[in-house]
Amino acid sequence: MKNTARFRWIVMAAMTAAALAGLASFRADAQSEYLRGDRMPYDAFDRLPKTDLEMSGGTIHVAFAPGDIALPREKIFDWIRASARAVSTYYGRFPVSSLRLLIVPVDGARVRGGTTWGYRGAAIRLPLGRDSTEENLKRDWVIVHEMVHTALPDLDDRYNWLSEGLAVYVEPIARVQAGDLTAQEIWQAMMRDMPKGLPQAGDQGLDNTDTWGRKYWGGAMFCLLADIEIRKRTGNKFGLQDAMRGVLAAGGNHEKDWSIDRVLSTADKAVGVDVLTHLHDEMGPKPVTPDLAALWRDLGVKMQGESLAFDDNAPLAAIRRSITEARPK
């Protein structure tokens with residue numbers, strides 16, 4: 001009898017292990033079509049149940065790939081709405097009339113990257129950790145970064161620095177304007193991270209140097225310099241925000257293929273000065289190393305111990321304040 005009981009236990013254990021392995025394999029197979037490759041799985045997305053979130057100027061169609069997430073879906077929808085409001089605040093409206101947003105459950109407790117497409121309509125895929133909390137989502141920057149991508153026409157790969165740099169630059173400003181971050185937080189982050197975008201040995205300008213630092217932070221530096229110069233030349237009446245709203249108003253979003261010249265000239269036209277085109281002529285073909293220490297001093301941002309302080313008597317203090325102030329639609 002003892003041998004029979006032991007045999008039954010072994011069989012049951014093996015069956016349980018096989019079932020668990022089969023479940024894990026099924027879950028992996030179910031998710032693979034949503035995570036595989038560098039193309040948005042539009043067809044797979046369209047087979048999933050969707051929840052529509054109405055935003056100013058657009059609708060976000062949210063679908064979940066197979067898998068469990070600890071947070072109730074309504075909490076996830078609240079996070080998506082808040083992120084979309086930040087982008088709408090910056091651009092005056094949501095950048096596209098229809099956005100597919102695919103949430104893919106993965107291991108962990110945070111958003112694990114994101115990708116945006118436009119070739120069959122604007123779409124974003126976000127791998128979201130199953131154990132994410134409301135606090136994880138509140139701190140997340142990825143979804144706003146990806147939504148900012150939807151507001152820029154699709155460019156040749158050579159100019160990815162503008163797409164990524166604009167998203168890096170706009171994301172925190174949009175969140176400040178929406179009340180989700182403080183100005184101190186984002187200027188401190190800029191002071192810390194902007195040097196990553198400076199040209200290194202062998203650099204051949206933004207158009208010809210495909211490194212991580214130049215693509216993301218070099219592009220963000222271009223946007224900061226453009227924002228400041230537009231404000232200088234227009235008496236602080238307009239900034240980069242107005243220029244990029246002009247691109248959107250002209251029909252430019254991620255569903256369209258534009259040349260970089262068209263993007264920059266359209267943006268320049270919106271603010272009445274040729275700052276973006278001229279700055280690209282300088283920084284695109286050759287390395288340019290701005291004096292960041294002088295720039296922070298002129299903007300009136302400085303570190304005092306572990307915290308950042310503002311000097312409102314600095315020459316560009318008014319411009320610094322205007323960059324993070326919400327503009328009317």
Side-chain angles (χ1 to χ4, degrees), residues 38 90 114-116 118 141 145-146 148-174 186-187 189-233 239-248 252-254 256-271 273-296 298-299 319 323:
D38 60 356
Y90 189 87
T115 313
T116 301
W141 56 268
H145 179 104
E146 296 302 327
V148 171
H149 280 315
T150 69
L152 186 71
D154 199 17
L155 301 171
D156 186 273
D157 288 349
R158 183 183 182 191
Y159 308 112
N160 280 343
W161 61 265
L162 180 58
S163 176
E164 296 297 348
L166 187 69
V168 168
Y169 182 70
V170 168
E171 168 264 316
I173 293 173
I186 73 161
W187 285 109
M190 281 195 205
M191 289 185 72
R192 180 192 67 225
D193 294 328
M194 201 66 78
K196 298 173 184 176
L198 291 171
Q200 304 298 312
D203 192 279
Q204 298 180 26
L206 288 170
D207 291 349
N208 309 303
T209 309
D210 188 26
T211 62
W212 178 89
R214 291 292 272 159
K215 182 186 298 183
Y216 287 85
W217 285 103
M221 188 183 307
F222 174 93
C223 293
L224 173 62
L225 295 173
D227 204 348
I228 293 169
E229 188 62 23
I230 291 169
R231 293 175 186 278
K232 282 182 178 179
R233 291 182 55 182
L240 183 66
Q241 183 171 10
D242 304 283
M244 300 320 297
R245 284 185 179 187
V247 172
L248 196 60
N253 61 39
H254 204 56
K256 311 291 176 56
D257 293 329
W258 281 21
S259 68
I260 192 170
D261 291 341
R262 183 179 179 185
V263 169
L264 299 181
S265 63
T266 302
D268 283 340
K269 183 179 179 180
V271 293
V273 289
D274 63 349
V275 168
L276 287 156
T277 299
H278 179 70
L279 193 61
H280 176 236
D281 289 343
E282 288 187 347
M283 298 183 70
K286 60 183 182 296
V288 173
T289 304
D291 185 344
L292 291 180
L295 184 64
W296 306 136
D298 289 346
L299 288 167
I319 284 178
I323 287 174

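Fair warning: this is a prediction, and the values are worked out from it, not measured in the lab.
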What's the shortest heavy-atom distance between [X] and [Y], and which atoms?
{"X": "Glu164", "Y": "His145", "result": "OE1-NE2, 3.1 Å"}
{"X": "Gly246", "Y": "Ala270", "result": "CA-CB, 3.6 Å"}
{"X": "Gly197", "Y": "Met221", "result": "C-CE, 3.6 Å"}
{"X": "Val288", "Y": "Glu282", "result": "CG2-O, 3.6 Å"}
{"X": "Ala220", "Y": "Val168", "result": "CB-CG1, 3.8 Å"}
{"X": "Glu146", "Y": "Gly114", "result": "OE2-O, 3.1 Å"}

- Message: Is there a side chain to side chain contact (heavy atoms under 4.5 Å, CB included) between Arg233 and Asp274? Walk through the geometry before answering.
- Response: CA-CA 10 Å; Arg233 291 182 55 182; Asp274 63 349; 3.2 Å; yes
Between [atom1] of [X] and [atom2] of [Y], what distance do you get to the nearest 0.5 Å?
{"X": "Trp217", "Y": "Thr211", "atom1": "CH2", "atom2": "OG1", "value": "14.0 Å"}
{"X": "Tyr169", "Y": "Met194", "atom1": "OH", "atom2": "CE", "value": "7.5 Å"}
{"X": "Asp227", "Y": "Met244", "atom1": "CG", "atom2": "CE", "value": "11.0 Å"}
{"X": "Asp257", "Y": "Arg262", "atom1": "CG", "atom2": "CZ", "value": "10.5 Å"}
{"X": "Ser259", "Y": "Leu264", "atom1": "OG", "atom2": "CG", "value": "8.5 Å"}

Side-chain donor or acceptor of [X] paired with backbone N/O of [Y] under 3.5 Å:
{"X": "Arg245", "Y": "Tyr90", "value": "yes"}
{"X": "Asp242", "Y": "Gly239", "value": "yes"}
{"X": "Thr209", "Y": "Leu206", "value": "no"}
{"X": "Gln200", "Y": "Leu198", "value": "yes"}
{"X": "Asp268", "Y": "Thr277", "value": "yes"}
{"X": "His254", "Y": "Leu152", "value": "yes"}

I want to check something: taking the side chain as every heavy atom from C-beta on, are [X] and [Y] in contact at a cut-off of under 4.5 Å?
{"X": "Arg214", "Y": "Asp203", "result": "yes"}
{"X": "Tyr159", "Y": "Val263", "result": "no"}
{"X": "Lys196", "Y": "Tyr216", "result": "no"}
{"X": "Val275", "Y": "Lys232", "result": "no"}
{"X": "Ile186", "Y": "Ile173", "result": "yes"}
{"X": "Leu225", "Y": "Pro290", "result": "yes"}
{"X": "Leu292", "Y": "Pro195", "result": "yes"}

- Item | Sole candidate of Asn253, Asp156, Val247 that passes side-chain contact (heavy atoms from CB on, under 4.5 Å) when paired with Trp258 |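 The option that passes is Val247.
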- Message: The test is side chain to side chain contact (heavy atoms under 4.5 Å, CB included); show your working for Leu224 and Leu295 and say whether it passes.
- Response: CA-CA 10 Å; Leu224 173 62; Leu295 184 64; 3.8 Å; yes
- CA sep, side-chain torsions, deciding dist, call: Leu240, Leu166, side chain to side chain contact (heavy atoms under 4.5 Å, CB included): CA-CA 10 Å; Leu240 183 66; Leu166 187 69; 4.0 Å; yes
- Message: With a 6.0 Å cut-off (strictly less than), is the heavy-atom count around NZ of Lys269, excluding the residue itself, greater than 12?
- Response: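 It does not: Lys269 NZ has 12 such atoms or fewer within range.
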- Query: Between His280 and Asp207, do the side chains contain an N or O donor and an N or O acceptor separated by less than 3.5 Å?
  - Reply: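 There is such a pair between these side chains.
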- Using the side chain to side chain contact (heavy atoms under 4.5 Å, CB included) rule, take Glu229 and Leu276 through it: C-alpha gap first, then chi angles, then the decisive distance, then the call. CA-CA 9 Å; Glu229 188 62 23; Leu276 287 156; over 6 Å; no
